[in-house]
Amino acid sequence: MATKMLGALVGDIIGSVYEFCNTKSTDFDLFCGASNFTDDSVMTLAVAK
């Protein structure tokens, strides 16, 4: 379960930069300076707790 939780959080952080952009490309940086946790990350941790 910890691996799934980590995957959900990392995926949310990676996708945070592209949240409001309609990006179809699969060629993108995983982490950049603008990557950040979101409210979805916080809620995922709260539900897991």
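Not measured: the values here are computed from a predicted model.
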More than 12 heavy atoms of other residues, nucleotides or ligands under 6.0 Å from CZ of F31: yes or no?
yes
Determine the minimum heavy-atom distance between F37 and I13, stating which atoms define it.
CA-CG1, 3.9 Å
Hydrophobic cluster membership, with links at side-chain heavy-atom distances under 4.5 Å among I/L/V/M/F/W/Y: are V42 and I14 in one?
yes
May I ask you to decide if N36's main-chain N or O and S16's side chain share a donor-acceptor pair within less than 3.5 Å?
yes
From Y18 OH over to S25 OG, what is the distance, rounded to the nearest 0.5 angstrom?
8.5 Å
Of the non-hydrogen atoms in S41 and L9, which two are nearest, and what is the gap between them?
O-CD2, 3.7 Å
Do the side chains of V17 and L30 join up, straight or via other hydrophobic residues, at under 4.5 Å, putting them in one cluster?
yes
